[in-house]
Amino acid sequence: MSRRAGRGRVIACAAGLLLALPAQAQPPTIAAAANQQAAMQALAAAYGTRTQPAPRLVFGASGKLAAQVRSGAPFDLYCAADGAYPAQLIADGLALPPVAVFAQGRLIWWSRDRALARTPLARLDPAAIGRIAIANPRHAPYGARAEEALRRAGLWPALQSRLVIGENVGQAAHFAASGAADAALLARSQLHSAQLAGGHWSEVDPALHAPLPQACVVIRAGRAAPQARAFLAWLQGAQARRILAGHGFDAPGGETR
């Protein structure tokens with residue numbers, strides 16, 4: 001091989017590497033529901049390697065994040081606490097099917113008062129309860145389920161005026177932990193949070209509210225869609241499910257489309 005030909009091959013190889021770099025180096029940006037924060041951080045750390053960078057994470061209420069997708073926020077993957085939000089983005093042409101349900105969330109009743117936390121909602125005496133923190137039912141699935149559970153337990157009329165509404169379920173937890181509320185309806189996946197240490201909790205009867213399918217969808221306008229798809233496939237595998245189980249999520253139990 002001549003020196004000139006060899007130099008040309010080197011330049012071609014370098015150009016090929018440069019072309020390949022953006023696809024390999026650009027991590028996907030994931031917009032995830034507030035209740036998934038600790039789990040997603042652990043998942044991202046477990047996923048990131050030298051050849052597949054850890055995704056960037058943005059957290060918020062599912063409805064708020066969906067509104068940001070509609071406004072053109074640069075997300076590649078959107079993970080909500082309710083499959084209805086990603087399904088609507090697909091219907092509106094903003095995301096690519098299918099909706100992938102990767103876990104099931106659980107609603108819990110939390111308080112620093114042990115007796116209060118261990119009393120099922122159906123047996124609570126409204127007169128004995130002060131303020132209750134919940135996420136905003138208008139754009140947070142855990143807030144919507146909390147309202148649904150309180151209504152079915154017959155407590156809504158008596159307690160509605162005593163609700164402390166958080167922007168998302170993370171803020172609702174802060175209100176309860178700080179003493180701004182006496183109890184809260186939260187996500188089981190938040191129990192690893194240091195701010196909830198020292199409190200008590202019990203699971204809310206799932207018959208009192210609709211399920212909480214944790215679901216993701218790839219955003220159509222995302223710039224790292226291949227990386228987003230790769231992460232989503234990994235998210236539904238055995239390693240990811242062990243991490244999710246360790247953070248209070250149940251197995252998905254199916255997929256909606």
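Just so you know, these numbers come straight off a predicted model, no measurement behind them.
- A donor-acceptor distance shorter than 3.5 angstrom exists from the side chain of Gln236 to the backbone of Leu232, with no hydrogens or angles considered.
- Residue Pro27 comes nearest to Pro55 through the heavy atom pair CB-CA, 4.2 Å, listed as atom of the first residue, atom of the second, then distance.
- Judged purely by distance below 3.5 Å, without hydrogens or angles, the side chains of Thr29 and Arg56 pair a donor atom with an acceptor atom.
- Closest non-hydrogen pair, Ala172 versus Ile134, comes out as CB-C, 3.6 Å.
- With Ser62 contributing its side chain and Pro141 its backbone, the two residues share no donor-acceptor pair below 3.5 Å.
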- Item | Verdict with supporting geometry, Arg223 and Gln26, side-chain contact (heavy atoms from CB on, under 4.5 Å) | CA-CA 9 Å; Arg223 294 181 179 178; Gln26 183 175 348; 3.7 Å; yes

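- Atoms SG and CG, on Cys79 and Leu235 in that order, are 6.5 Å from each other to the nearest 0.5 Å.
- Clustering ILVMFWY residues whenever any of their side-chain heavy atoms sit less than 4.5 angstrom apart, transitively, puts Val164 in a cluster other than the one holding Ile132.
- Looking at heavy atoms from C-beta onward, Leu186 lies out of side-chain contact with Leu191 at the 4.5 angstrom threshold.
- Gln214 and Gln104 share no side-chain donor-acceptor pair at under 3.5 Å.
- A 4.5 Å side-chain heavy-atom check between Ile30 and Val58 finds every atom pair outside the cut-off.
- Note on Leu65 and Leu212: separate hydrophobic clusters, where clusters join Ile, Leu, Val, Met, Phe, Trp and Tyr whose side-chain heavy atoms are under 4.5 Å apart, directly or indirectly.
- Using modelled atom types, no side-chain atom of Arg145 and backbone atom of Ala140 make a donor-acceptor pair closer than 3.5 Å.
- Listed for the Arg114 side chain is no donor-acceptor partner under 3.5 Å among the backbone atoms of Trp201.
- If you take CD on Gln37 and OG on Ser193, they are separated by 8.5 Å, rounding to the nearest 0.5 Å.
- In this structure, Tyr85 and Tyr78 approach most closely via the heavy-atom pair CB-OH, 3.2 Å.
- Residues Pro28 and Leu77 are not in side-chain contact: their nearest non-hydrogen atoms beyond the backbone lie 4.5 Å or more apart.
- Distance CD/Gln88 to CD1/Ile90: 10.0 Å, rounded to 0.5 Å.
- Under a hydrophobic clustering in which Ile, Leu, Val, Met, Phe, Trp and Tyr are joined whenever their side-chain heavy atoms come within less than 4.5 Å, directly or via other members, Phe75 and Val99 fall into the same cluster.
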- Task: Take Leu43 and Trp234, measure what side-chain contact (heavy atoms from CB on, under 4.5 Å) needs, and give me the verdict at the end.
- Result: CA-CA 10 Å; Leu43 290 163; Trp234 177 83; 3.9 Å; yes

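- Residues His200 and Ser111 fail the side-chain proximity criterion, which asks for heavy atoms closer than 4.5 Å.
- In plain terms, the two heavy atoms of Ala66 and Leu89 that are nearest each other are O-CD2, 4.3 Å.
- Panel note: side chain Arg188, backbone Glu203; no donor-acceptor pair is recorded below 3.5 Å.
- Between Ala81 and Asn35, the shortest heavy-atom contact is CB-OD1, 3.5 Å.
- Checked by atom type and distance alone, the side chain of Gln171 never pairs as donor or acceptor with a backbone atom of Ala135 at under 3.5 Å.
- Residues Leu208 and Leu121 meet the side-chain proximity criterion, which asks for heavy atoms closer than 4.5 Å.
- A distance-only check finds no donor-acceptor pair linking the side chain of Glu147 to the backbone of Ala144 [under 3.5 Å].
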- Task: Determine, step by step, whether Leu94 and Arg70 satisfy the side-chain contact (heavy atoms from CB on, under 4.5 Å) criterion, reporting the C-alpha distance in whole Å, the side-chain angles of both residues, the deciding distance to 0.1 Å, and the verdict.
- Result: CA-CA 7 Å; Leu94 297 170; Arg70 295 179 190 284; 3.7 Å; yes

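- Interatomic distance, Trp110 CH2 to Gln190 CD, rounded to the nearest 0.5 Å: 10.5 Å.
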- Message: Asn136 vs Asn168, test: side-chain contact (heavy atoms from CB on, under 4.5 Å). Steps then yes/no.
- Response: CA-CA 6 Å; Asn136 193 324; Asn168 54 55; over 6 Å; no

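- By the criterion of side-chain heavy atoms lying less than 4.5 angstrom apart, applied directly or through intervening Ile, Leu, Val, Met, Phe, Trp or Tyr residues, Trp109 is not grouped with Phe249; the two fall into different hydrophobic clusters.
- Closest non-hydrogen pair, Val204 versus His209, comes out as CG1-CD2, 4.0 Å.
- Each of Met40 and Val169 belongs to its own hydrophobic cluster when Ile, Leu, Val, Met, Phe, Trp and Tyr are linked at side-chain heavy-atom distances under 4.5 angstrom.
- In this structure, Ser202 contributes its side chain and Ala117 its backbone to a donor-acceptor pair below 3.5 Å.
- With sequence neighbours left out, the ring-ring contact (aromatic ring centres under 6.0 Å, His included) criterion links His192 to His247.
- No side-chain donor-acceptor contact under 3.5 Å links Ser71 to the backbone of Ala73.
- Using modelled atom types, one side-chain atom of Asp76 and one backbone atom of Ala224 make a donor-acceptor pair closer than 3.5 Å.
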Got a list of side-chain donor-acceptor pairs under 3.5 Å for residues 174-185, not counting sequence neighbours?
unit_1, atom_1, unit_2, atom_2, d
Ser178, OG, His174, O, 2.9
Ser178, OG, Phe175, O, 3.1
Asp182, OD2, Arg131, N, 2.7

